[in-house]
Amino acid sequence: MQERKTYHSICRMCGSGCGVDVEVENNRIVKVSGNEENDINRGRICIKGSSAATWLNLPERLRKPLKKTANGFVEIPLEQAMDEIAAKMKELQDTYGKQAVAGWKGEGTGFNQNEQLMRRFNRAIGSPNYFSNNTQCNNSRYEAFYLNYGCWPQADFRHTKLAIFWGTNSPAAHSFWTQDLNEGRDRGARSIVIDTKYNEQAHIADLFVIVRPGSDAVLAYGIIHRMIERGVVNQEYVDTFTLGYDKLKVYAERFTGEYVEKITGVKPEVIETIVDMIQAAGRQVCSWPGTGVEHQANGVSNSRVCSLVDALVGAIDVSGGMLINENMKTNSLVLGDDVPVEGEPIGKSVYPVVDYFKKESHTLMLMDTILTGKYEGRDYPFKGLIMTAADPVMTEANTAKTIQALSSLELFVVKDLFLTKTAELADYVIPAACNYARDELYFNGMEQSVYLAEKVVEEPLQTEYEFLKGLADRLGAGQYFPWKNEREVIEYMIEPSGFTYEDLQKYPSGLRTVLVHYHKPEERLAKGEKPFPTPTGKIEICSTVLEQFGYPGIPTIDHLPDCILQKDEEYPYICMTGARKIPYFHGRYRNIPQILKAHPHAEAEMHEADAEDLGLKEGDMIRVTSRVGSIEIPVHIMKHDTIARSAVQITHGWENANANYLTDDSDRDPISGFPNLKTFGIRIEKL
Ligand SMILES: Nc1nc2c(c(=O)[nH]1)N[C@H]1C(S)=C(S)[C@@H](COP(=O)(O)OP(=O)(O)OC[C@H]3O[C@@H](n4cnc5c(=O)[nH]c(N)nc54)[C@H](O)[C@@H]3O)O[C@H]1N2
Ligand SMILES: Nc1nc2c(c(=O)[nH]1)N[C@H]1C(S)=C(S)[C@@H](COP(=O)(O)OP(=O)(O)OC[C@H]3O[C@@H](n4cnc5c(=O)[nH]c(N)nc54)[C@H](O)[C@@H]3O)O[C@H]1N2
Ligand code: SF4
Ligand SMILES: [Mo]
């Protein structure tokens, strides 16, 4: 028998980056538990993290490359698969132009070095595009924060006096935040949860405010209106550090208590209580807008206006407010404009703000481009897609269209750990080495720390870097992938920091590279520098970037979904999708027995009064139909007003009740192009 060894690493069962102790025996992961020394999770992990030992050892893990033939998939050697894929990519680019092929990185490998590597790969092969899950993840909020502040500040829950959670449920989605908030609560912090559902976050809140779906910006403006009327605005701060307050003030006037209650269902006295709590917290307020406000047809403006509450009290870059974080200097892996590409990025001309901040192409428009051969009326053949760590059949808005588009590609390659619904559509499926079988770099914004997630097992499988390097080498772009392996990539990335790979190895529970300090904008102002990294150096309540691209500068509410105005007779109920459940991650983990046992099937959560109106009991099957499709699903009845009236919540990721058959890829935010995943009309029939 071999001895058991314990290694420190980072969990990748979700994106939170908890520190873990991984016990390995005979090169097999046998147990994953929390690393006590890690400052992020301080020893605690969730059921997903501890289930990695089960998930990664499942017999259905892909081990051999698969090639689609007339008789279904056959196993082929890796080198043959890579040669054939590269040859086909070359043929497609020679025939249709360089823009005809590109790579897409999903949430499975996160946003650090693997995002940069995929961006590098696409440019190296001459593609103008970079695709990722971020067409529907947090790009809207990224843009919202960058428009306001020129950066994305982090909520300092540990030191705050008041945390406002807007459409976010950290116990399910980012569990270490709950620990941070609990630490804050020990020091007297209070919290407000504004949500359509009494979620886990609400269980520990001082005030839970139930809001009608898709109406958060109206509520936020209602709050701002009363803050202005009651003088709960830090006028000196606003005068010194912000641009466009006067315009905001005028716009906010229309959000009277009566109007706000009519749209959001929130009573004026509740708004007074919220403003009282903001007033009592001084500058120690942090607001976190989550996907509840972001996955909307007005997601960028929603997120901007929620976050402006903090700016108005001067809570930016103060202890207990929103920290403007710094981290160690790294070399970027992203190639510059000096490396030529052919064709235009899909989405750039329609969503220029996304391009301005993110240089990212639009995956929903990609589906239309594949199907029509056109982008914005111009010829645009797109024929080959190289996808890693993504499962868009489960996660992309409008599943029927997604399947049709991906099935019509001339070359579709999927790299994954499992044969997912998406992988089933591929011409080639390449088994992926898991995160514990490769080196990876992690950063934590609040801790301002860096972590080396060191490889702890050897898997005879190809890593993410080897995949992209292998294709680039075969396509004559090998000069852009000079590093032998992930370790060399990391060594290159950390070069400018002065830290070495060995330094990171020495501190597997995290290396704090820059100590947190606050009030940097004030310091910059005193030195005659721009306080904020926006074009004007101010917090842009009225964004000069938006105005430059022809949008209104302040966050506006241009239209409210018909379903919340009770104007949609054909689809009278409101559907919200994707509220996170602790044990699942998008389409993943339904194959983990202990998890499936605890939460065995999809469900449509609805208010007891709505269920009664429809004659439904717990567990009854219903058909839910939207403008784009329908699914069948059992009902879960929410009692005691724990969900908004007329609203139905369906978590995505279930193969037999895939919520994205309902979501409409064409109902989008005008700035970010995000699909409206959380406020659309549906009808319900009892089966
Ligand atoms: N367990 C688990 N954790 C995850 C994920 C996962 O799939 N599973 N996914 C990860 C990813 S990729 C992301 S982007 C993050 C997202 O992290 P969060 O944004 O925190 O996502 P949720 O936990 O779903 O919280 C969204 C909340 O919005 C509410 N909501 C829905 N519609 C509205 C609305 O109109 N207004 C308001 N105010 N609330 C609304 C829902 O009821 C829910 O409580 O989670 C990450 N963490
Ligand atoms: N209706 C609705 N749809 C949504 C959302 C919603 O709230 N509602 N949320 C959206 C959000 S926020 C996001 S981020 C997207 C996520 O959408 P996706 O990017 O599709 O993310 P996952 O479903 O996590 O799929 C990741 C895949 O990566 C694989 N994987 C895991 N580890 C590795 C690895 O090391 N290497 C490789 N190659 N593969 C690996 C997993 O097996 C899994 O199949 O979904 C979006 N879709
Ligand atoms: S919250 Fe759970 S799944 Fe996510 S990183 Fe931490 S232990 Fe892993
Ligand atoms: Mo996401």
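Each ligand, and each atom within it, is numbered from 1 in the order the structure gives.
The nearest protein atom to atom 39 (N) of ligand 2, hydrogens excluded, is given as Ala389 CA, 3.3 Å; this is a heavy-atom distance. At the top of the distance list for atom 43 (C) of ligand 2, counting protein heavy atoms only, stands Asp416 OD2, 3.5 Å. Atom 5 (C) of ligand 2 has as its closest protein heavy atom His652 NE2, 3.4 Å. Nearest non-hydrogen protein atom to atom 33 (C) of ligand 2 is Leu417 CD1, 3.3 Å. The protein heavy atom nearest to atom 1 (S) of ligand 3 is Ser175 OG, 3.3 Å. In terms of protein heavy-atom proximity, atom 8 (Fe) of ligand 3 is nearest to Cys11 SG, 2.3 Å. Nearest non-hydrogen protein atom to atom 45 (O) of ligand 2 is Thr395 CB, 3.3 Å. The closest protein non-hydrogen atom to atom 32 (N) of ligand 2 is Gly108 O, 3.4 Å. Ranking protein heavy atoms by distance to atom 2 (Fe) of ligand 3, first place goes to Cys46 SG, 2.3 Å. Nearest protein heavy-atom contact of atom 8 (N) of ligand 2 is Thr577 OG1, 3.2 Å. Nearest non-hydrogen protein atom to atom 5 (S) of ligand 3 is Cys18 N, 3.5 Å. Of all protein heavy atoms, the one lying nearest to atom 4 (Fe) of ligand 3 is Cys14 SG, 2.3 Å. Regarding atom 25 (O) of ligand 2, its nearest protein heavy-atom neighbour is Asp391 N, 3.8 Å.
Near Thr420, the atoms of ligand 2 lying under 4.0 angstrom from a non-hydrogen atom of the residue are 44 (O). The atoms of ligand 3 that sit less than 4.0 Å from any heavy atom of Gly49 are 2 (Fe), 3 (S), 7 (S), 8 (Fe). Atoms of ligand 2 lying under 4.0 Å from any heavy atom of Gly106, numbered from 1 in the order shown and given with element: 19 (O). Numbered from 1 in the order shown, with element, the atoms of ligand 2 that lie under 4.0 Å from a heavy atom of Cys137 read 12 (S), 14 (S). Interface atoms of ligand 3 facing Ile45, defined by a heavy-atom separation under 4.0 Å, are 7 (S). Which parts of ligand 2 touch Phe585 is read off a 4.0 Å heavy-atom cut-off, strictly below it: atoms 24 (O). For ligand 2, the atoms lying closer than 4.0 Å to a non-hydrogen atom of Asn660 are 1 (N), 2 (C), 3 (N). In summary, the atoms of ligand 2 found under 4.0 Å from a heavy atom of Ala432, numbered by their order in the structure, are 36 (N), 37 (C), 38 (N). For ligand 2, the atoms lying closer than 4.0 Å to a non-hydrogen atom of Thr109 are 34 (C), 35 (O), 36 (N). Taking every heavy atom of Met13 and a limit of under 4.0 angstrom, the matching atoms of ligand 3 come to 3 (S). Near Lys48, meaning under 4.0 Å from one of its heavy atoms, ligand 3 places the atoms 3 (S). Atoms of ligand 2 lying under 4.0 Å from at least one heavy atom of Ala433, given by number and element, are 35 (O). Residue Gly17 approaches ligand 3 through these ligand atoms, each under 4.0 Å from one of its heavy atoms: 5 (S).
Other residues, nucleotides and ligands contribute more than 12 heavy atoms inside 6.0 Å of the NZ atom of Lys68. Heavy-atom neighbours of Lys64 NZ from other residues, nucleotides or ligands within 6.0 Å: at or below the threshold of 12. No more than 12 heavy-atom neighbours from other residues, nucleotides or ligands sit within 6.0 angstrom of OH on Tyr507. Counting non-hydrogen atoms of neighbouring residues, nucleotides and ligands closer than 6.0 angstrom, the CZ atom of Arg61 exceeds 12 such neighbours. A 6.0 Å sphere centred on CZ of Arg28 holds no more than 12 heavy atoms belonging to other residues, nucleotides or ligands.
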Exercise. Would you sort out whether Gln136 and Leu364 count as a side chain to side chain contact (heavy atoms under 4.5 Å, CB included), showing the intermediate values?
Key: CA-CA 9 Å; Gln136 328 184 118; Leu364 301 167; 4.0 Å; yes
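For the residue pair Thr651 / Gln649, a side-chain donor-acceptor distance below 3.5 Å is found, with atom types taken as modelled. If you check the side chains of Asn122 and Ser127, you find no donor sitting under 3.5 Å from an acceptor. Between the side chains of Ser140 and Tyr142, no donor-acceptor pair is found at a separation under 3.5 Å. One side chain, Asn169 or Glu200, offers a donor N or O that lies under 3.5 Å from an acceptor on the other. Side-chain contact annotation: Asp21 with Thr6, donor-acceptor N/O pair under 3.5 Å absent. Between the side chains of Glu115 and Asn134, no donor-acceptor pair of N or O atoms lies under 3.5 Å.
Heavy-atom separations between Ala659 and ligand 2 are all 4.0 Å or longer. A heavy-atom separation below 4.0 Å is found between Lys415 and ligand 2. Not a single heavy atom of Arg12 lies less than 4.0 angstrom from ligand 2.
Under 4.0 Å from ligand 2, the heavy atoms of Arg438 that appear belong solely to its side chain. Contacts between Glu396 and ligand 2, counted as non-hydrogen atom pairs separated by less than 4.0 Å, are absent for every part of the residue. Of the heavy atoms in Lys678, only side-chain atoms (C-beta onward) come closer than 4.0 Å to ligand 2.
With atom 7 (O) of ligand 2 as the reference point, the heavy atom nearest to it among Arg588, Glu464, Gln136, Arg580 is part of Arg580. For atom 21 (O) of ligand 2, the nearest non-hydrogen atom from the set Gln462, Glu294, Glu107 comes from Glu107. One option in His295, His586, Met13 has a heavy atom closer to atom 23 (O) of ligand 2 than any other, and that option is His586.
Using cut-offs of 30° and 60° on the angle between ring planes, the pair Phe585 and Tyr589 is tilted. Note on ring orientation: taking the six-membered ring where Trp is involved, the planes of Trp152 and Phe145 are parallel (angle under 30°, cut-offs 30° and 60°). Using a 30° and 60° split on the angle between ring planes, His652 and His586 fall in the tilted class, from 30° to 60°.
For an aromatic pair to be called close, the ring centres must be under 6.0 Å apart, and Phe165 with Trp288 fails this. Two rings, from Tyr130 and Trp104, have their centers 6.0 Å or more apart. Aromatic ring centroids of His203 and Tyr198 lie under 6.0 Å apart.
For the pair Lys415 and Phe467, the cation sits on the ring face: its NZ or CZ lies under 6.0 Å from the ring centre, inside 45° of the axis. For Arg42 and Phe176, the positive end is not near the middle of the six-membered ring at less than 6.0 Å and at most 45° from its axis.
In terms of N/O distances under 3.5 Å, ligand 2 is approached by Thr388. Of the polar atoms of Asn133, none of the N or O atoms is found under 3.5 Å from an N or O of ligand 2, judged by distance alone.
Applying the side chain to side chain contact (heavy atoms under 4.5 Å, CB included) test between Ile40 and each of Ile10, Asn444, Asn35 identifies Asn444 as the sole match.
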